Amino acid sequence: MALSAITPQFHLHQDLQNLNSHFPGIHSPNKTFTLSFKPQKPYLISSTLNPPQNSLNTTATTSIAPQNPTNSRLLQLCLSGNLEHALKHLASMQEAKIPVEEDCFVALIRLCENKRGYSEGEYVWKAVLSSLVSLLSVRLGNALLSMFVRFGDVGNAWSVFGRMGERDLFSWNVLVGGYAKAGFFDEALCLYHRILWAGIRPDVYTFPSVLRSCAGAMNLVRGREVHAHVVRFYFDMDVDVVNALITMYVKCADVVSARMLFDKMPTRDRISWNAMISGYFENDECLEGLELFFRMRELSIDPDLMTMTSVISACELLGDERLGRQLHSYVVRTACGGNISVYNSLIQMYLSLGHWKEAESAFSGMECRDVVSWTTMISGFVDNLLPEKALEIYKTMEITGTMPDEVTIASVLSACASLGQLDMGMKLHELAERTGHILYVVVANSLIDMYSKCKRIEKALEIFHQMPDKDVISWTSVINGLRINNRCFEALIFFRKMKLKSKPNSVTLISALSACARVGALMCGKEIHAHALKAGVGFDGFLPNAILDLYVRCGRMRTALNQFNLNEKDVGAWNILLTGYAQQGKEALVMELFKRMVESEINPDDVTFIALLCACSRSGMVTEGLEYFQRMKVKYHITPNLKHYACVVDLLGCAGKLNEAHEFIERMPMKPDPPIWGALLNACRIHQQVLLGEFAAQQIFKEDAESIGYYILLCNLYADSGKWDEVAEVRRTMKEKGLIVDPGCSWVEVKGKVHAFLSGENFHPQMQEINVVLEGFYEKMKTSDFNGQESSSMDGVETSKADIFCGHSERQAIAYSLINSPPGMPIWVTKNLYMCQSCHSTVKFISKRVRREISVRDTEQFHHFKDGLCSCGDEGYCERNDKKA
DNA sequence: AAGGGTGCCG
């Protein structure tokens, strides 16, 4: 039966009459008693009792010592704390149908409560129920109420409450407190008003629970009403009640009211100070909080553990490392020194300010550590981009025998994710399954992220589908996982599904936008852009730059520039634009834009120089590129990373300076990684330097024998040099290793819908028409002199050459949009692999025949085809861009 | 006799 069934639906004026008749001094000005009653959560009860109108002054049944020896024995067992025997004794008494006296039940219930024996308590409650003739006495009922509330079982507490013949204020207070603690704030407030209607005068124990409910519901209006009640009942001088009021105001974000109360207090205890100080911190008014903390010190009131933990975490918010160190030394000198929580917040403070060495020494100096200490270290190392150290700490934690909780597991998983440590991640998965921690949403979310980042997207999807409750982060993780596993199309399908169930946040939108940008889904991206603006998050965090990135990657530079002008022009925005122009092959614009960036006093960062180096590399501007590389180090004090070195190798190598590139690698201050050797291998392919290329490949396979891209490069190197036996050898190795070439995939957006074409698959409903159209073009190409220029490279060996890794899916995409879009409309295709020379020629031909602009964006750059020409320049294309597959 | 008020980890 629902709570509302026994909650009388009072009419407002009737309530007021009631109230006025009991407390003539109290009337109902303003909004004080305008209460709304929401439908209640259902609780099973088997009583239809209404609370008595006035249950004050009811006396508990006087307790009488047990009359018979069996009862005496039970009482004795209870008093000696032997729950197990007591329960056995109870069972035997029930079997023998010996009535159990109230005293025994009360003692037994208290014992259950003290021993935290929930199931035992429930058993006793059933025993009480079965022996119950009429209604529960106040004494027995209160004991049961107290026990169930302690166990957080408000359902049973309510059931007990309903079976009580009489109740005193204690009964009401316990129940209100139980609802408040269990998070049923509306129910607690409803009960509070029933206390008033019943004509009972609340006491100092009532208000803290009621105020906690107002705070929990973030209901300032109700909180103010209760404040008015406090004043009218003359409890506004009681320190505990006023402390609760301060806390209520603080949690409802009304710090000013809290402070007014605090200032008016005739006496304050430490809790008043703590509530007010931490209240300031919670409301981001750290300076005021610190000021109050110093006032407290001036008044020689010693801060306690709670004061210290909250002030220390305020240093974290303020970024005040100096004060943090002072507090640290204060903590060491005082009694707080041995406290785990205080130390935990110190460690957290150091870690969040990036001083992980201090955190480490504070941590190692701790006499004892709890799971929070360990977890703080682990997640702190993850945040400080030191996942290896996070795993080290976790391994030590395992040795010391501390059991990880759900937060620990989530943090360690995030370390595994950033390290790509699948083995460790799978061990944690097993652990989470075994301990039941997988039921926590955070744990499952971290697992999705870990599996995605370790390239096990199927596992990630499996976990996602098994989750009973998915939150925004679950959806975002799976969308992002699909995106980073090159399954952007599916990512967008999930995004659509998500919108029906859960509200995407700005992180979700960024991930979805990035997926759109990847597959060139402009309309879909625009929709998300509009959604973001409508939801009022369009300018949150990285979202403006994600939108900019969408337009740039879809090749809509004009729209991109508009967006750029709207955005706050941070380094990120400039970098996106620079990278975009570099991909469009507009080197001169890149240089110009960089000049303007510097003029507008934006400091370039490492990414900026990657864009610049790429632009130089693409246009063969070796001198300029090397100059930028120097400038980055000398003028901007940016230490080049592996990606910069790879860019320089590419720059030198593609320009034919292979030996210089090799020497450059040898001179590197760090160990070259596979992508750097890959750049050299690619250069060797362009300039047909088989020996050096083979050397580079050897270096790569020593470290990375699983990435398919390098095998394809090597294959192409051999193919371009006519070494067909070696090609076959490499392909055999690939097959042995089970490496599968990504199927070519092209996306085209027609009428706002993205269509994906997978090479080798023919399941598109219009596939027949598409093939007819393509056949037509091939026929015409044969008869025209258009294909003359590349006939030399297309004869005989064509199928064995680089083209085998293309998939040619872009042809289908183009044919599809020719059929389905109006004449003259430009066509935009996005591709997951590099466009092969044969496709390049075909598309050039098509663009001339149909007089349409066709843009194909492959993994490397944009090809804008118009009137039989491509923006990349045909020579340039053969040289540089028919290289990597 | 019991019940209430303050802090730390993703």
Side-chain angles (χ1 to χ4, degrees), chain A residues 60 63 106-107 109-110 113-114 138-139 141-147 149-150 168-178 180-181 188 202-213 215 235 238-248 250-251 258 268-282 303-314 316 336 339-349 351-352 359 369-383 390 404-415 440-443 445-446 449 473:
Chain A
S63 63
V106 170
I109 291 159
R110 294 222 174 107
E113 185 183 332
N114 291 332
V138 176
R139 209 163 84 92
N142 282 353
L144 283 162
L145 272 178
S146 168
M147 177 185 74
V149 161
R150 171 75 55 92
D168 60 10
L169 186 52
F170 178 84
S171 329
W172 289 95
N173 284 348
V174 171
L175 198 63
V176 174
K181 260 187 275 179
D203 67 1
V204 290
Y205 289 111
T206 320
F207 285 109
S209 295
V210 176
L211 288 165
R212 185 189 178 132
S213 303
F235 288 125
D238 183 279
V239 183
D240 295 328
V241 174
V242 179
N243 285 348
L245 274 170
I246 290 175
T247 307
M248 181 276 294
V250 154
K251 301 265 190 236
R268 304 177 189 101
D269 61 8
R270 226 189 299 276
I271 290 172
S272 325
W273 287 92
N274 288 348
M276 197 61 234
I277 290 172
S278 68
Y280 274 124
F281 296 150
E282 269 174 52
D304 64 0
L305 304 175
M306 307 241 177
T307 331
M308 290 316 288
T309 46
S310 63
V311 180
I312 290 167
S313 54
E316 182 186 329
C336 309
N339 183 270
I340 296 185
S341 296
V342 173
Y343 256 79
N344 288 349
S345 55
L346 270 173
I347 293 170
Q348 163 65 17
M349 184 264 301
L351 284 166
S352 79
R369 308 171 183 99
D370 63 5
V371 65
V372 176
S373 327
W374 292 99
T375 308
T376 309
M377 286 304 286
I378 292 167
S379 64
F381 275 131
V382 173
D383 292 344
D405 69 1
E406 76 280 7
V407 187
T408 324
I409 295 178
S411 309
V412 183
L413 278 169
S414 124
Y440 286 95
V441 182
V442 264
V443 172
N445 289 350
S446 318
D449 189 54
I473 300 175

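Here is how names work: the chains are called A, B, and so on, in the same order as the sequence lines, proteins then strands, and each is numbered from 1. Quick caveat: nothing in here was measured; it's all calculated off a predicted structure.
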Heavy-atom contacts, protein to nucleotides 2-7 of chain B, under 4.0 Å, summarised as B (base), S (sugar-phosphate only) or - (none) per nt, yield BBBBBB

Quick one: side-chain contact (heavy atoms from CB on, under 4.5 Å) partners of A:S373, sequence neighbours excluded? A:I340, A:N344, A:F363, A:M366, A:R369, A:D370

Under the salt bridge (charged side-chain N to carboxylate O under 4.0 Å, His left out) rule, collect the residues that match up with A:K181, sequence neighbours excluded. none

Can you list everything that forms a salt bridge (charged side-chain N to carboxylate O under 4.0 Å, His left out) with A:R110? Sequence neighbours excluded, please. none

Who passes side-chain hydrogen bond (donor to acceptor under 3.5 Å, both in side chains) against A:T408, sequence neighbours left out? A:T375, A:D405

Residue set satisfying side-chain hydrogen bond (donor to acceptor under 3.5 Å, both in side chains) with A:D269, at least two apart, ordered chain then number -> A:N243, A:S272

